[in-house]
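Accompanying notes for the structure given below.
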Amino acid sequence: MKKNEKKDSVYLAVERILDNYLEMNNHRKTPERYAILRAVYSMGEHFTLDELGEKLAAEYRFPVSRATLYNTMNLFMELRLVIRHRFQGTTKYEACYADDSHCHQICTVCGKVTEVKAPEIAEAIDALHLKRFRKDGFSLYIYGICSTCQGAITRKSKKQRDIK
């Protein structure tokens with residue numbers, strides 16, 4: 001399956017989940033909800049509400065209020081279509097349908113967040129037996145310094161030694 005085909009099939013699946021929820025709970029199927037859902041699943045990385053709002057306005061020509069974004073994201077979290085993270089005082093979101101478990105590395109200097117593929121960690125957590133608890137997924141945060149910041153720190157340190 002090609003990358004765009006996979007993206008389209010994921011979007012169709014999450015759209016069906018939203019459709020079913022809205023129908024079962026007698027909620028309106030607003031164009032805002034579907035535009036936000038499509039934008040969320042096209043982001044491809046972690047994002048803030050402001051970044052999502054900018055994407056909706058610029059690429060989709062569909063500006064929505066911050067309150068609409070906030071309320072819609074809460075709905076998507078309830079449906080387990082989106083997960084919210086708190087990275088060093090910043091709230092970020094990411095699409096999570098069919099991708100509930102993964103690791104993040106977070107630079108404590110610049111705040112850059114990248115995902116880490118670690119199948120051995122996923123396997124260890126899958127094998128973990130917890131009492132009176134059903135696992136749905138996990139997120140692991142690994143804090144450190146990215147190579148860009150480490151390089152800058154090393155250059156600054158070397159420069160200070162050369163001055164002395």
ask   = When you measure from the side chain of R61 to the backbone N and O of A58, does any donor-acceptor pair fall under 3.5 Å?
value = yes
ask   = Cationic tip of R38 within the cone over Y11's six-membered ring, i.e. under 6.0 Å and within 45° of the normal?
value = yes
request  = Find the distance between OG (S139) and CD1 (I83) and round it off to the nearest 0.5 Å.
outcome  = 4.0 Å
note = Here the pair of heavy atoms bringing F138 nearest to C103 is CE1-SG, 4.2 Å
query = S65: what forms a side chain to side chain contact (heavy atoms under 4.5 Å, CB included) with it, not counting sequence neighbours?
reply = A67, T68
message = Nearest 0.5 angstrom please: D162 CG to K159 NZ, how far?
response = 10.0 Å
query = Less than 4.5 Å apart, any side-chain heavy atom of V82 and any of V40?
reply = yes
query = If you measure from OG1 on T72 to CZ on R33, what distance do you get to the nearest 0.5 Å?
reply = 6.0 Å
ask   = Counting N and O atoms only, with roles assigned by atom type, does the side chain of T108 sit under 3.5 Å from a partner on the main chain of I145, one being a donor and the other an acceptor?
value = no
message = Could you measure the distance from the NZ atom of K112 to the OG atom of S147? Nearest 0.5 Å is fine.
response = 7.0 Å
query = Does L81 belong to the same Ile/Leu/Val/Met/Phe/Trp/Tyr cluster as L56, with side-chain heavy atoms less than 4.5 Å apart forming each link?
reply = yes
ask   = Between E94 and R84, does at least one N-O distance fall below 4.0 Å, as a salt bridge requires?
value = no
query = Is atom NZ of K156 surrounded by more than 12 heavy atoms (other residues, nucleotides or ligands) closer than 6.0 Å?
reply = no
inquiry  = Y141: which residues meet the ring pair (Phe, Tyr, Trp, His ring centres under 6.0 Å) condition with it, sequence neighbours left out?
reply    = H85, F87, H104
request  = Quick one: list whatever passes side-chain hydrogen bond (donor to acceptor under 3.5 Å, both in side chains) with Y143, sequence neighbours left out.
outcome  = none
query = Can you name the nearest heavy-atom pair linking A95 to F47, along with the distance?
reply = N-CE2, 4.4 Å
task = Please name all residues satisfying side chain to side chain contact (heavy atoms under 4.5 Å, CB included) with T148, sequence neighbours left out, ordered by chain then number.
result = C146
inquiry  = Nearest 0.5 angstrom please: I17 CD1 to L22 CG, how far?
reply    = 12.0 Å
ask   = Taking all atoms of both residues into account, what is the closest heavy-atom pair of L49 and L69, and its distance?
value = O-CD1, 3.5 Å
query = When you check the side-chain N and O atoms of T91 and R86, is any donor under 3.5 Å from an acceptor?
reply = yes
inquiry  = Quick check: do L130 and L128 have side-chain heavy atoms less than 4.5 Å from each other?
reply    = yes
query = Would I125 end up clustered with L140 when hydrophobic side chains under 4.5 Å apart are linked, directly or stepwise?
reply = yes
task = Using side chain to side chain contact (heavy atoms under 4.5 Å, CB included) as the criterion, list what pairs up with T48, not counting sequence neighbours.
result = D50, E51, T90, K92
query = Aromatic ring centroids of H27 and Y21 under 6.0 Å?
reply = yes
ask   = Residues in side-chain hydrogen bond (donor to acceptor under 3.5 Å, both in side chains) with E45, at least two apart?
value = none
inquiry  = Taking NZ in K135 as the centre, count heavy atoms belonging to other residues, nucleotides or ligands within less than 6.0 Å. Is the count above 12?
reply    = yes
query = Would a hydrophobic clustering, with Ile, Leu, Val, Met, Phe, Trp and Tyr connected at side-chain separations under 4.5 Å, put M43 with V64?
reply = yes
key: Between Y60 and S42: side-chain donor-acceptor atoms closer than 3.5 Å   = yes
message = Could you check whether any side-chain heavy atom of L18 comes within less than 4.5 Å of a side-chain heavy atom of E15, counting everything from C-beta outward?
response = no
request  = Could you state whether I142 and V109 fall into the same hydrophobic cluster, counting links through intermediate Ile, Leu, Val, Met, Phe, Trp or Tyr residues with side-chain heavy atoms under 4.5 angstrom apart?
outcome  = no
ask   = Is a side-chain donor or acceptor of Y41 paired with a backbone partner of Y97 at a separation under 3.5 angstrom?
value = yes
message = Let's go through E115 and Q105 carefully: what are the C-alpha distance in whole Å and the side-chain angles of both, what is the deciding distance for side chain to side chain contact (heavy atoms under 4.5 Å, CB included) to 0.1 Å, and is it a yes or a no?
response = CA-CA 6 Å; E115 290 192 18; Q105 59 186 24; over 6 Å; no
message = Please evaluate residues M73 and Y93 with respect to the criterion side chain to side chain contact (heavy atoms under 4.5 Å, CB included), reporting the C-alpha separation (whole Å), side-chain torsions for both, the decisive distance (0.1 Å), and the verdict.
response = CA-CA 9 Å; M73 294 305 285; Y93 299 85; 3.6 Å; yes
